[in-house]
Amino acid sequence: MADLKQLMDNEVFMAFSSYATIVLMKMMFMSTATAFQRLTNKIFANPEDCATFGKGENAKKYLRTDEKVERVRRAHLNDIENIVPFLGIGLLYSLSGPDLSTALLHFRIFVGARIYHTIAYLTPLPQPNRALAFFGGFGVTLSMAYRLLKSRLYL
């Protein structure tokens, strides 16, 4: 089994760790962006969250949905659906001994696609901008999975 020093010397693993950190921080930003939209627009999903702005029937007017909040929330959910598989497959891929330049290409395209997807979602840019960004990142994850299955795993 590889010790920590060997892992830290693995350039592909360290590159993966760097890009994984970037997309995880981006995903964390999306949760704060959702909270910011909720607080700014006084729109909440849970009754107990409304208590700060009113009591009883007065608080109920803050218990609603809003397109701005929902758009940020949906972008965050899309991140979760795509970043989690990237983390799992990317970790296995990075430990399978791929070429550094190929791995960097995979990681950079994924991160760029996720950032562009968020911009396209929140701006909002017309389709197919968001769809192309989604499929770009999804394709990268599939490519890593295919390479991993083809070269290293037993089927």
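Quick caveat: nothing in here was measured; it's all calculated off a predicted structure. Residues: numbered from 1 along the sequence shown.
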- Task: State the CZ-CG distance between Phe36 and Asn41, to the nearest 0.5 angstrom.
- Result: 8.5 Å
- Item | Pair Arg114-Asn78, side-chain hydrogen bond (donor to acceptor under 3.5 Å, both in side chains): steps then yes or no | CA-CA 9 Å; Arg114 291 313 309 164; Asn78 193 278; 2.8 Å; yes
- What are the two closest non-hydrogen atoms of Phe16 and Ser94, and how far apart are they? CB-CB, 3.8 Å
- Message: Ignoring hydrogens and geometry beyond distance, is a side-chain donor-acceptor pair present between Arg108 and Tyr19 at under 3.5 Å?
- Response: yes
- Should Ile89 and Phe138 be counted in the same cluster of Ile, Leu, Val, Met, Phe, Trp and Tyr side chains packed under 4.5 Å apart? no
- Item | Separation between CZ of Arg38 and CZ of Phe44, rounded to the nearest 0.5 Å | 8.5 Å
- Correct closest heavy-atom pair for His76 and Ser31 would be CE1-CB, 3.6 Å
- Just by distance, do the side chain of Thr40 and the backbone of Gln37 share a donor-acceptor pair under 3.5 Å? no
- Between Leu142 and Val23, is there a shared hydrophobic cluster once you connect ILVMFWY residues whose side-chain heavy atoms come closer than 4.5 Å? no
- Message: Counting C-beta onward and ignoring hydrogens, is there a side-chain heavy-atom pair between Ile43 and Thr65 closer than 4.5 Å?
- Response: no
- Item | Nearest non-hydrogen partners of Val12 and Pro98, listed with the distance | CG2-O, 3.5 Å
- Message: Treating Thr21 as the side-chain partner and Ser17 as the backbone partner, does any N or O pair qualify as donor plus acceptor under 3.5 Å?
- Response: yes
- Given His117 and Asn129, is the side-chain contact (heavy atoms from CB on, under 4.5 Å) satisfied, shown in steps? CA-CA 8 Å; His117 182 272; Asn129 283 282; over 6 Å; no
- Taking every non-hydrogen atom, the tightest pair across Val72 and Met30: O-CE, 3.7 Å
- Heavy atoms only: give me the nearest Ala20-Leu87 pair and the separation to one decimal. CB-CD2, 3.6 Å
- Are Leu77 and Phe135 grouped together when hydrophobic residues (ILVMFWY) are joined by side-chain heavy atoms under 4.5 angstrom apart? no
- Message: Can you tell me how far apart CE (Met27) and OG1 (Thr118) are? Round to the nearest 0.5 Å.
- Response: 11.0 Å
- Counting only heavy atoms not in Lys26, do more than 12 fall under 6.0 Å of its NZ? yes
- Message: If hydrophobic clusters are built from ILVMFWY residues whose side chains come within less than 4.5 Å, do Met14 and Ile22 share one?
- Response: yes
- Query: Can you find a heavy atom in the side chain of Leu132 that is under 4.5 Å from one in the side chain of Tyr116?
  - Reply: no
- Task: Treat each ILVMFWY residue as a node, draw an edge where side-chain heavy atoms are under 4.5 Å apart, and state whether Met28 and Ile80 are in one component.
- Result: no
- Item | Value rounded to 0.5 Å, distance of CG in Asn10 from CG in Leu95 | 6.5 Å
- How many angstroms lie between atom NZ of Lys68 and atom CG of Leu122, to the nearest 0.5 angstrom? 12.5 Å
- Query: Where does the angle between the aromatic ring planes of Phe107 and Phe86 fall among parallel (under 30°), tilted (30 to 60°) and perpendicular (over 60°)?
  - Reply: perpendicular
- Query: Just how far is it from atom CG of Leu91 to atom CG of Leu148, taken to the nearest 0.5 Å?
  - Reply: 10.0 Å
- Check against ring-ring contact (aromatic ring centres under 6.0 Å, His included), Phe110 and His106: CA-CA 6 Å; Phe110 182 84; His106 278 96; over 10 Å; no
- Message: Distance alone, cut at 3.5 Å: any donor-acceptor contact between the side chains of Tyr121 and Arg74?
- Response: yes
- Query: Is the number of heavy atoms from other residues, nucleotides or ligands under 6.0 Å of Glu70 CD greater than 12?
  - Reply: yes
- What are the two closest non-hydrogen atoms of Met144 and Gly90, and how far apart are they? CE-CA, 3.9 Å
